[in-house]
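To start, the structure itself, in structure tokens.
Note on naming: letters A, B, ... go to the chains in the order of the sequence lines (proteins, then strands), and numbering restarts at 1 for each one. Computation of the quantities below employed the complete heavy-atom set of this structure, encompassing side-chain atoms and omitting hydrogens, waters and symmetry-equivalent molecules.
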Amino acid sequence: MNHTHTYDALVVGGGGAGLMAAIYLSREQGLRTAVISKLYPTRSHTGAAQGGIGAALANLEEDSPEWHAFDTVKGSDYLGDQDAIDLMCEEAVPVILELEHMGLPFNRTEDGKIAQRPFGGHTHHHGQGPVRRSCYAADRTGHMILQTLYQNCIKNDVEFFDEYQVVDLVRSEGRAAGVVAYHVETGELHVFHAKATCFTTGGFGRIWSISSNAHANTGDGAAITFRRGIPLEDMEFFQFHPTGIYKLGILITEGVRGEGGVLRNDHGERFMERYAPTMKDLASRDVVARAINQEIREGRGINGKKYVYLDATHLGREVIESKLPDIADFCRTYLGVDPVTDPMPIQPTAHYAMGGIPTDVDTRVIVDAQNTVLPGLYAAGETACVSVHGANRLGTNSLLDLVVFGRRAGIAMAQFCRENELPPLPADPTAEIAAEFSRILATTDGEPAARLREEMQDVMQDEVGIVRTGAGMQKAVDKVRELKQRFQNVVVMDKGRHFNTDILEAWELKNLLDLAEVTAVCALNRTESRGAHMREDYGTRDDQNWMKHTLAYQRADGRIDIDYKPVTLTRFQPKERVY
Amino acid sequence: MAKATIRILRYNPEVEREPAYREYTVEVEPVDRVLDALNQIKWYQDGTLTFRRSCAHGICGSDAMRINGVNRLACKVLMKDVGQTVTVEPMMGFRVIKDLVVDMESFFAQYRSVLPYLINDRPAPARERPQTIEDREVFDDTTKCILCACCTTSCPSFWANENFVGPAAIVNAHRFIFDSRDHGAAERLDILNDRDGVWRCRTIFNCTEACPREIKITKAIGEVKQAILYGLAG
């Protein structure tokens, strides 16, 4: 029993990028838009972002979009496309003012403007020192963005399909023609037929064992499009956030360091002074995560263990309770540690995918190194790679990416819908995925998804983490391929149709395995160190050979092919990165 | 590692006529979350056990459920705080879809009914709409809501009358009524002055005790009642 719905535009995913696109689409008279989300939209992981959103508002001191662009390019280790970065940093200012007009309750300055604070890698005068650029709402900025955008969707009567999990992309006559979605409550497959489809499905940090990411962050959009012949860009670059709660991986915002918190090793030493003399604890995330990793490896973790301290005790109760209340709550709840009086035990945690579905600055998905567009297909937010983050994203630029490119997606899709007819729908778009689900349900002799997932997370954590080696990454590639084989016999216990999260977890594991494989393959392939991709056997950046984006393709036989795309350089020439 | 017994109210309306408790034994660390215990069961003992979860640290609001008789997020309660045997049940007052998953549609309909968005039809200025630190502080607490429904489904007035708009919707109305930039207070106060609005609240405080975000919900509801009776201050 199939259900077919017809719309002009589809937004897949209800986080920041998706809701921003939906708001812009909803402003177009006569255009029918549906947002399809596997979660209630307010459950999306945008809501977990804490510290702020970057824009050169200059509310507290001199700042400029040009400085913001320089910092972003430098943060990206010169792999970010500078045209896209310029545009993002320029549009940051009006878009954040628009969020305020939509109702976002930012903290305020003494004179009633949006409050701003320092953040890692954000500087004045091209690296002269920290600048207050991060616009924030306490330490729940992502929560407030997600709520505000959802509220505005309600105001604009946006149509939602909540708890519909998109499981396939429909292609027809060289265009995107919609998606297939699994209705979680009934287990029925629905076809959504549309002129334009945008994936805003977020990241896939669950391929590592220590992760700040939600259980839901399984990279569905990236995996679906990859299997449908669309490449993935720069998958070797994945950010490890320096400060996750020890063992749990729960994020402790960089805003703690923005407010003056410092990292200390077992000797009590503020070790970042050695690694980044100017920016210290506010160097970019790859630099700080590597420094922590090195302290731990050299035996200066606390009591010799795999963590260091994030010390905010000198900030005082007032600052912590008013500007960092949520992280204080997390520490008290999960660690029994009060950051007002005691330092927080932290370790780096898998956090953010710089790579993803390749797009141009109008969020149109491109399918090759010549920037050929696949008409009707769009992607924005963490699932996309524009690329504005290059080899390492700066803090506050992910929320910015969501709203800037979510907005651009809405505008571009509306125009596309006005100018194009519906493409024809292929005969039975659900056949393949229905067969896949039936096969999984029918399997009785094999392993549970959870075991395969744990093995994947362990090997990725050990071998494709902060510091990598050729041998280790080869081991990870081999292991993930073995797990993909074993996945053929994955067994689910729940054989029902009704709200079957057992089969969905298995299907999500398939996505994670595909993404783990392509991540490890691309990492092994790149024989240099750049940004978040750090190799012991190729320890330096190699602009001669590697100043280029990776494009990885999954072929019909499962083989992964790699191609390259040039980096767009404009005014900032590559230099050595010193913070 | 210690053994713990998790007693779960299971119900799959597709195949079962009524709910029944089922017990599971799991090995847990004291600092494991109840959610970790549920995941252990689902992943390695009984894949049919069904619940919602996402962020696993109290921010997304997916895993609200009754834990030892009180509404909690399963990811914000540690095993060391619930004892050797813990009873887990779905939130009360909504249709059970399966096990711990309840139908949230009416909850979100109630939320939408209070116009939960900024209403200000004046042309936006070139820069931000100014707001003092003090004016921002007035509604700070109610901006924390994650729409988990712990409050509404712990409210005896809601159990008695499902048409009661419920504490969560009032919290979200409060967030805008007291925002100095908003012009929709009169309209919202009118909606909440209805027979199924704020007056069904009997200040029982269950909501405040249930809130995983520690929002002072009863206080917020009281402020809305005051605004209906005496108008907004200033």
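Looking at A:Arg108 and B:Asp135, no side-chain N of the basic residue comes within less than 4.0 Å of a carboxylate O on the acidic one, giving no salt bridge. Of the charged side-chain nitrogens involved, none lies within less than 4.0 Å of a carboxylate oxygen, so that B:Arg52 and A:Glu185 do not count as a salt-bridged pair. Under the 4.0 Å criterion applied to side-chain N and carboxylate O atoms, B:Arg181 and A:Glu100 are assigned as salt-bridge partners. Residues B:Arg213 and A:Asp326 are paired through a salt bridge, judged by an N-O separation under 4.0 Å between the basic side chain and the carboxylate. Salt bridge A:Asp494/B:Lys98: present, at least one basic N to carboxylate O contact under 4.0 Å. Remark: B:Glu14 does not engage A:Lys495 in a salt bridge, criterion side-chain N to carboxylate O under 4.0 Å.
The shortest distance between side-chain heavy atoms of A:Thr42 and B:Phe108 falls below 4.5 Å. Considering only heavy atoms from C-beta on, A:His215 comes within 4.5 Å of B:Leu35 through its side chain. Contact of the B:Pro13 side chain with the A:His498 side chain is registered, since non-hydrogen atoms from C-beta on lie closer than 4.5 Å. Within the 4.5 Å cutoff, the side chain of B:Phe51 has no heavy atoms near those of the A:Phe499 side chain. Using a 4.5 Å heavy-atom cutoff, the side chains of A:Phe106 and B:Glu128 are not in contact. Side-chain contact between B:Tyr111 and A:Ile154: present, with at least one pair of heavy atoms (C-beta onward) separated by less than 4.5 Å. Between B:Ile133 and A:Glu110, the closest side-chain pair of non-hydrogen atoms falls below 4.5 Å. Using a 4.5 Å heavy-atom cutoff, the side chains of B:Leu118 and A:Met102 are not in contact.
Residue with the most contacts toward chain A among B:Thr132, B:Leu147, B:Val31: B:Leu147 (heavy-atom pairs, distance under 4.5 Å). When each of B:Arg33, B:Arg112, B:Arg53 is checked for heavy-atom pairs under 4.5 Å with chain A, B:Arg53 comes out on top. Annotation: maximal heavy-atom pairing with chain B below 4.5 Å, among A:Leu335, A:Leu57, A:Ile503, A:Ile96, occurs at A:Leu57. Of the residues considered (B:Glu214, B:Glu137, B:Arg175), B:Arg175 shows the highest number of contacts with chain A, using heavy-atom pairs under 4.5 Å. For the options A:Ile250, A:Asp111, A:Leu99, A:Asn213, heavy-atom pairs under 4.5 Å to chain B are most numerous at A:Ile250. Counting heavy-atom pairs closer than 4.5 Å to chain B, the top residue among A:Glu98, A:Arg453, A:Lys247, A:His45 is A:Arg453. Most heavy-atom pairs under 4.5 Å with chain A, from the set B:Pro130, B:Ser54, B:Ala126, B:Cys55: that is B:Ser54. Among A:Asn152, A:Asn59, A:Val93, the residue making the largest number of heavy-atom pairs under 4.5 Å with chain B is A:Asn59.
Only the backbone of B:Gln45 comes within contact range of chain A, with heavy atoms under 4.5 Å apart. Contacts of B:Leu78 with chain A are made by side-chain atoms alone, with heavy-atom separations under 4.5 Å and no backbone atom involved. Contacts between A:Ser322 and chain B at a heavy-atom distance below 4.5 Å are absent for every atom of the residue. For a residue to count as touching a neighbouring chain, one of its non-hydrogen atoms must lie under 4.5 Å from one of that chain's; by this rule A:Ile114 touches chain B with backbone and side chain alike. Using a 4.5 Å cut-off between heavy atoms, A:Ile245 does not touch chain B at all. Of the atoms belonging to A:Asn217, not a single heavy atom falls under 4.5 Å from chain B. Only the side chain of A:His143 comes within contact range of chain B, judged by heavy atoms closer than 4.5 Å. Proximity to chain A involves both the backbone and the side chain of B:Asp46, based on heavy atoms less than 4.5 angstrom apart. Neither the backbone nor the side chain of A:Val184 comes within contact range of chain B; no heavy atom of the residue lies under 4.5 Å from a heavy atom of that chain. Of the two parts of B:Asp140, the backbone and the side chain both hold a non-hydrogen atom closer than 4.5 Å to a non-hydrogen atom of chain A. Residue contact with chain A, scored on non-hydrogen atoms closer than 4.5 Å, involves the backbone and the side chain of B:Ile146 alike. Proximity to chain A (any heavy atom under 4.5 Å) is shown, for B:Glu105, by both the backbone and the side chain.
For the residue pair A:Arg140 and B:Thr143, a side-chain donor N or O sits within less than 3.5 Å of a side-chain acceptor on the partner. Side chains of B:Trp43 and A:Glu505: a donor on one and an acceptor on the other come within 3.5 Å.
When atom types are taken as modelled, the side chain of B:Arg127 and the backbone of A:Leu97 share no donor-acceptor pair closer than 3.5 angstrom. When atom types are taken as modelled, the side chain of B:Arg136 and the backbone of A:Pro105 share a donor-acceptor pair closer than 3.5 angstrom.
Of all residues in residues 57-66 of chain B, those placing a non-hydrogen atom less than 4.5 angstrom from a non-hydrogen atom of chain A are B:His57, B:Gly58, B:Ile59, B:Cys60, B:Gly61, B:Ser62.
Atom NE2 of A:His101 and atom CG of B:Asn120 lie 9.5 Å apart (nearest 0.5 Å). Distance check, rounded to the nearest 0.5 Å: CD of A:Gln151 to OH of B:Tyr117 gives 10.5 Å. A distance of 6.5 Å separates CD in A:Gln147 from SG in B:Cys145, rounded to the nearest 0.5 Å.
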